[in-house]
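The block underneath contains the structure these notes are about, expressed in C-alpha cells.
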There are 2 protein chains.
Amino acid sequence: MDKTSEDVNSSYMVPGLLRGLSLLGLFGKDRPAMRLTDIAKELKLSRATVFRTVYTLEHEGYLVRLKDSNYYSLGPRVLTLGFDYLHSQELVEVARPILDGLRDTTGASTHMALIDDFDVLYIYRAASHQRLSSNRHVGSRLPAHVSSIGRAILAELPESVVAEKYAGYDLRVENYTEPATFDELKECLRVERERGYIAGSFVSGISSVAVAIRDSEGNVVAGINVSDYESIPCMKDIHGKLKDKVLAAASEISRRLGHTSSL
Amino acid sequence: MDKTSEDVNSSYMVPGLLRGLSLLGLFGKDRPAMRLTDIAKELKLSRATVFRTVYTLEHEGYLVRLKDSNYYSLGPRVLTLGFDYLHSQELVEVARPILDGLRDTTGASTHMALIDDFDVLYIYRAASHQRLSSNRHVGSRLPAHVSSIGRAILAELPESVVAEKYAGYDLRVENYTEPATFDELKECLRVERERGYIAGSFVSGISSVAVAIRDSEGNVVAGINVSDYESIPCMKDIHGKLKDKVLAAASEISRRLGHTSSL
DNA sequence: AACCATTGTTACGCATATAAAACAACAAGG
DNA sequence: CCTTGTTGTTTTATATGCGTAACAATGGTT
C-alpha cells in the first residue's frame, strides 16, 4: 500500500517519460481500465497532464480507448515489447529446448526465472501435458525469497550482498510463513547452499526442485526448477533422480551460455 | 526500410515520452543491444537527450546496462507490462481452456491473435505436445493479410473498411506470394467470407483453419486457428471435421465473452 | 607516447512543455 | 429549469526540458 515514496530528483530524469511509464504501470489485473480523472487522482497529476500523456500513449498503441467510453486500458503494443525482450535474451533461447526436454522426461512442469528487484520474474515455462497448467505464467512475479528459483539464486549470491539487499526489508508475505525474518532466510540459504540445490514445498501440495544458472563468466543470471503436484510419480524422490536431472539441465544451460558472441 | 515519416505534430504529444517509447521500440531480435551513440544516430537525436532518456528508462527497469560496457538492452520490466496486458484481456482468459481443449482433441497447435495496425498479433498459443513448437509465439507479429487468422478477421469486416485500410498499402511480403494486389486480397476475402472460415496453406508445409471471434456486441475482436504440419493426421480433412471443431470452439468463445461485466 | 577519434557526461541559455485556470459538455438532482 | 458537480478539452504565461557546445575518459593507430 505504502511504498516508500521515492522522488528521484536527478535532473537527468525526463519527467514526461517518467509519468508515462508510471501511468502504464497502473494497469494490472486488478485494475484493467481507468478514466483520465482516475489516473490523475492516482498519480496526483493535473488532468491536463494526464490528458496529454494518455493522448501520447494512445497514439503509440500502448493504451487503447474502450469503445464508446472514456476508459482506457493497455494496448497491444506492450506485448510486442515483452516479446522483443524475451527474444533478445539468449538465456531463453538456450534454455527452451532443455527445459522442454526436462518437462518431457519428468512429466512435470519446468520453469525459468530471474531476479528483478525483490521478485522472481518468470521468463519461460514448459507446462506439463497432463495437468491443467499452473498459474506461473511468463511475465508473472513472486517474492524471490519464498520461491524455489528465487532461493536458488539468492543462495548462490555472496551472503553480504543478500544481507545488504534485504536490510530492513519486510519478508512477511501473504500465504507464506516460512522465512519471516532475515535470520530465518539466512539459515534457509545456508542449508540450501551446502546442499547445492533447493528442494521442498513452497506452496502447499506443490513440490519444487530448483537450481541456479550461471553465464560464461560465472555470474548467477537466472534459475530453473521442476515444480508440480507432490502427488505425481516423479515428484516422489525430489532428492534423488529428479534432483540430478535438474542439476544436469542447469549445468547444460550454463555450459551453452555465452558461446554465441552477441552484438 | 522507409516507413512514411509520420510527424504527428499535435501539440498534445509529450515529446519526452514519445522519444522514450520509440527508443524502446528500437530493441528487437535483430538489435538486442545498443550504445547511446547508436541510439542517437538512429533516432536523430542529440546524445544529451538520449542520455537523459536512457537514464530514465534504466532507472525504471525498462532498460538494463550490460555489465562492464555501455551497451543497453531491454530490461525485465517490459515483460511485466505485457503480462498485465494479457491478464487484463478477458479474451485470453476465456479462450485459454477452449484452445487448450481444441489442441488436445486435434493434437495440433492452436492460436489466438488480434489485429493491430496491419499485423496480426498472437496473444495465445496452445502448442502441440508432439512436435517441436512453431515460432508463432505470444507477442509475435505477422502481416495480417497473409495469415490465416488475419484473413479470418478481415473477411468479417465490412469490405469498405478493408478497402480504405489497405488503400495504397503495399501487400507484397517476403516469402509470401498469394495476394500481391488489393484486388487479389479482395477476391480471397470474398471466397472465404462466403465459406465462413479460412482454410489452406499459408506457409508451405503448414495447414491452417481459422475463424473470427466476436464479442457480445457482435464486433470482431480476434481470431483463432488450428495450424500445424499438413502431414499429420488431423490436418488431412481441414474442410471436414477439423473445420467444424474450430467453428465450434470459436462460437463457444464468442458466446462466453462479455458476460463478466468489467470495470 | 602523443595523437586523434569517439565515446559518455555535464553546463547553460533559449525554445517549449507544463500546471493552473478557463471552457465546454454532459449528468444528476432539487 | 436552473444549479452544481462531474467530466474531457483548450488556452496561456512561465517554469523547465532540450539541443548546443564544452568537458572528460576511453581506446585505437602510428
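Here is the naming used below: chain letters follow the sequence lines, and residue numbers restart at 1 for every chain. Just so we're clear, the structure is a prediction, and the values are computed from it rather than from any experiment.
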Donor-acceptor contact present, side-chain B:T110 to main-chain B:L99, <3.5 Å: yes
Non-neighbouring partners of B:P76 that pass side chain to side chain contact (heavy atoms under 4.5 Å, CB included), sequence neighbours left out: A:Y85, A:L114, A:D116, A:L121, B:V64
Could you summarise the pairing of DNA chain D as dot-bracket text, marking Watson-Crick and G-U pairs under 3.5 Å with ( ) or [ ] inside the strand and | across strands? ||||||.||||||||||||||||.||||||
Results of ring-ring contact (aromatic ring centres under 6.0 Å, His included) for B:F182 - residues two or more places apart only: none
Could you pull out all residues at least two apart from A:Y122 that satisfy side chain to side chain contact (heavy atoms under 4.5 Å, CB included)? A:H111, A:A113, A:V120, A:R136, A:S140, A:L142, A:I149
Qualifying residues under side chain to side chain contact (heavy atoms under 4.5 Å, CB included), relative to A:T37, sequence neighbours excluded: A:K41, A:R47
Round to the nearest Å and state the distance from B:R52 atom CZ to C:dA17 atom P. 13 Å
Round to a whole Å and report the spacing from CG of A:L45 to C1' of C:dA20. 13 Å
Tabulated below should be each protein N or O lying under 3.5 Å from an N or O of nucleotides 7-9 of chain C; please produce it.
from: C:dT7; atom 1: OP1; to: B:R35; atom 2: NH2; distance (Å): 3.3
from: C:dT7; atom 1: O5'; to: B:T37; atom 2: OG1; distance (Å): 3.1
from: C:dG8; atom 1: OP1; to: B:L36; atom 2: N; distance (Å): 3.0
from: C:dG8; atom 1: OP2; to: B:T37; atom 2: N; distance (Å): 3.2
from: C:dG8; atom 1: OP2; to: B:T37; atom 2: OG1; distance (Å): 2.5

With sequence neighbours excluded, what pairs up with A:L24 under the side chain to side chain contact (heavy atoms under 4.5 Å, CB included) test? A:L57, A:Y62, A:L63, A:L74, B:L81
For residues 153-172 of chain A, which side-chain N or O atoms pair as donor and acceptor with protein atoms under 3.5 Å away, sequence neighbours left out?
from: A:E156; atom 1: OE1; to: A:R214; atom 2: NH2; distance (Å): 2.7
from: A:K165; atom 1: NZ; to: A:D117; atom 2: O; distance (Å): 2.8
from: A:D170; atom 1: OD1; to: A:R172; atom 2: N; distance (Å): 3.2

Please, which pairs that meet salt bridge (charged side-chain N to carboxylate O under 4.0 Å, His left out) have at least one residue in residues 49-70 of chain B, sequence neighbours excluded? none
Using whole Å, report how far CE of A:M13 lies from P of C:dT10. 13 Å
